[in-house]
Amino acid sequence: MCGIIGYVGEKEAAPILIEGIKKLEYRGYDSSGIGIIAPVNSHIAIRKTPGKIQDLVNLIRGHNLPKGTVGISHTRWATHGAPTRANAHPHFDNKNEILIVHNGIIENYQMLKGLLIKKGHEFESETDSEIIAHLIEDHFHDDLLSAVRLAMQKLKGSFAIGVISNHCPDTLIAARLGSPLIIGVGEHENFIASDVPAILDRTRKVIYLKDGEIACLKKNSIKIINFAGKEISPKIQEVTFNIEAVQKQGFPHFMLKEIHEQEDVLKQMLSTRIKGTKIQLEGVGLAEKELRSINQIVIVACGTAYHAGMVGKYIIEQLSSIPVITDLSSEFRYRNPILGKNCLVIAISQSGETADTLAAVKEAKAKGAKIVSICNVVGSSLTRESDGVLYTHAGPEIGVASTKAYTAQLCMLYLLAIKLGLIKKAISENDAKKFIKDLRQIPSLYAKLLKAKQSIAKIAKENSHFGCFLYLGRNINFPSALEGALKLKEISYIPAEGYAAGEMKHGPIALIDEYRAVVCIAPQSDTYDKMISNMQEIMARKGKIIAIASQGDKTIQQHTSHVIYIPPTNKLLTPLLVAIPLQLMAYYIAVNRGCDVDQPRNLAKSVTVE
Ligand code: AGP
């Protein structure tokens, strides 16, 4: 997800664009850039740089931009190509006469790039976006709007673009398909932006461009056509909400917004990485022969990513029969680990900047291991240290408590487990097909779970007063218990402990009394009866139980009235579903306690220090 903005009017464009792009930083912040048409000779000047938008501001301070009144700007969340100057937007065409910014993913860019190279086009970046400028140039004769329209018809994927050119220095063109884009309507000035916050200080009159539409803006005119060339009469609306609300798209907190984004994140991952029964792990960096030779896997990570790795252990062992060890990065790096000859180390990290995990990877490489990282930030330090990278593309995760990154990591581990299982012939094509079918259901089951969020909010409210929580799970949901406890403690500051339920009698049962809430994760599984026994032991000691169970399970109601149901699914997939009620429960309890959900005390989004 990236942020784009454009301006055409009577004022100096650069300050307006920089002010606006700062308000889109939550959409992506690994590199940024700006392009302005000079007022005298219509030369297009650009400045772009990796890093935060402040780095761009500093760059411009040192190298002034022309005081032109037409320009575009962009803040990037890298998908194709690391955050470098060359990959930052805006991007020029071959002759530096057409400049574009883009948000989205062009799925057929390699094919188009090949055709354009054959026509003599030269490219600077690794991005998919750059081909858009060259494609427009390839269709340009004397009318920029028509060139844009013809080029848009060739693109497959999702895009919202801004275009300026010295062929028509008084014009700003925008087009969208699948990515958001709005037009801001001003007095002798007009704007385009990915989202309303970017222009709310300038105007509250907006036009929400629809998929398949193109806008041609001048300072005193707005023309909208569709990709077929038919003119469309613009519908101007008044924006009534404030900036913060828009960045959270109406959710009260980024965390709740990101919990709701999990359905789309998994939908996109499954659709791009599963073709039939083929699992496409482009980026894994190891040939099938190397994957086949793996006889030991070590997963290193911290915090929530470590819990994902623990689930990954169960899954990879079940589906591929490869032995898996999970280790906290902060432990692995100091324990002089023994790694076999054909050992694969999987490093999991949302940020790709966690100091302990970076150090663990360095230790593993020093011992000769191959490294594959599962990461959410393109071009982050961890990805540069890895032999292969499986990007989760979950988009920026702003809330400190990891939610969509966690389930995206889980989903990637399921895909990797299936791939390894097929390569090792530990599972049949038919088993894989059945498992993939179940996995594909998960996003729609998220929608069902999120529809029930008010009942989870009610249970959370009724249990917010407890001063201590114990989370219990078994087997593949033991990591879910640890993750549920971490979610609660890090945003509500309530002491919460995750435990393997089988361990209860070895100590934690001493904690049980009527002042303690015990979350029992008990979906249908081979250890369900054992979980029921645990619940009986807890009830006998007046413990208060909140159960997470499979839809249709009536037995569980004999042990507690606080039951959160998850839809039925493959037993190996329950951690993906259980995550949602655990996230929502922690969220609602923290909100009930008036905590700063998105920026909890003492925590940082990325722990880049030891
Ligand atoms: C999880 O909610 C926490 N924010 C924290 O435990 C986090 O998972 C951990 O710091 C690892 O971060 P990473 O995934 O960026 O490496």
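Note that the coordinates shown come from a computational prediction; the quantities given were computed from them, not determined experimentally. We count ligands from 1, going down the list as the structure has it; atoms in each ligand are counted the same way.
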Flag the pair His102 / Asp128 as yes when at least one side-chain heavy-atom distance between them is below 4.5 Å, and no otherwise. yes

Here the atoms of ligand 1 under 4.0 Å from any heavy atom belonging to Lys487 are 1 (C), 2 (O)

Does Lys424, at its NZ atom, have more than 12 non-hydrogen atoms belonging to other residues, nucleotides or ligands within less than 6.0 Å? yes

Can you establish whether the number of heavy atoms outside Lys275 located under 6.0 Å from its atom NZ is more than 12? yes

List the closest protein heavy-atom neighbour of atom 14 (O) of ligand 1: residue, atom name, distance to the nearest 0.1 Å. Gln350 N, 2.7 Å

Ranked by distance from atom 6 (O) of ligand 1, the top protein heavy atom is Gly303 CA, 3.3 Å

Polar proximity ligand 1 side, Gln409 side, N/O cut 3.5 Å exclusive: no

In terms of residue, atom name and distance, what is the protein heavy atom nearest to atom 10 (O) of ligand 1? Val607 CG2, 3.9 Å

Looking at Tyr493, I'd like to know if its OH atom is crowded, meaning that more than 12 non-hydrogen atoms belonging to other residues, nucleotides or ligands lie closer than 6.0 Å. yes

Among Glu483, Gln409, Lys487, which residue meets the side chain to side chain donor-acceptor pair (under 3.5 Å) test with His307? Glu483

Ligand-side contact atoms (ligand 1) for residue partner Ser402, heavy atom cut-off under 4.0 Å: 1 (C), 2 (O)

Proximal ligand 1 atoms for Ala401, defined as those under 4.0 Å from one of its heavy atoms: 2 (O)

Protein residue, atom and distance nearest to atom 3 (C) of ligand 1, heavy-atom basis: Glu490 OE1, 3.4 Å

Do His260 and Tyr446 have their ring centres less than 6.0 Å from each other? no

Out of Ile491, Val400, Thr354, Thr403, whose heavy atom sits nearest atom 16 (O) of ligand 1? Thr354

Less than 6.0 angstrom from the centroid, inside 45 degrees of the normal: does Arg516 satisfy that with respect to the ring of Phe466? no

List the closest protein heavy-atom neighbour of atom 7 (C) of ligand 1: residue, atom name, distance to the nearest 0.1 Å. Thr304 N, 4.1 Å

Below 4.0 Å, non-hydrogen atoms only: which portion of Glu353 touches ligand 1? Side chain, backbone, both or neither. neither

In Glu263, Glu397, Glu261, the residue satisfying salt bridge (Lys or Arg N to Asp or Glu O under 4.0 Å) with Lys404 is Glu261

For ligand 1, which atoms sit closer than 4.0 Å to a heavy atom of Ala305? 8 (O), 14 (O)

Does any part of the side chain of Tyr499, heavy atoms only, come nearer than 4.5 Å to the side chain of His506, both counted from C-beta? no

Please determine which of His562, Lys458, Lys544 meets the side chain to side chain donor-acceptor pair (under 3.5 Å) test together with Asn463. His562

For ligand 1 and Thr357, I'd like to know whether there is a polar contact (N/O to N/O, distance under 3.5 Å). no

Return the residue, atom name and 0.1 Å-rounded distance of the protein heavy atom closest to atom 15 (O) of ligand 1. Ser351 OG, 2.7 Å

closest protein heavy atom to atom 11 (C) of ligand 1 is Cys302 O, 3.5 Å

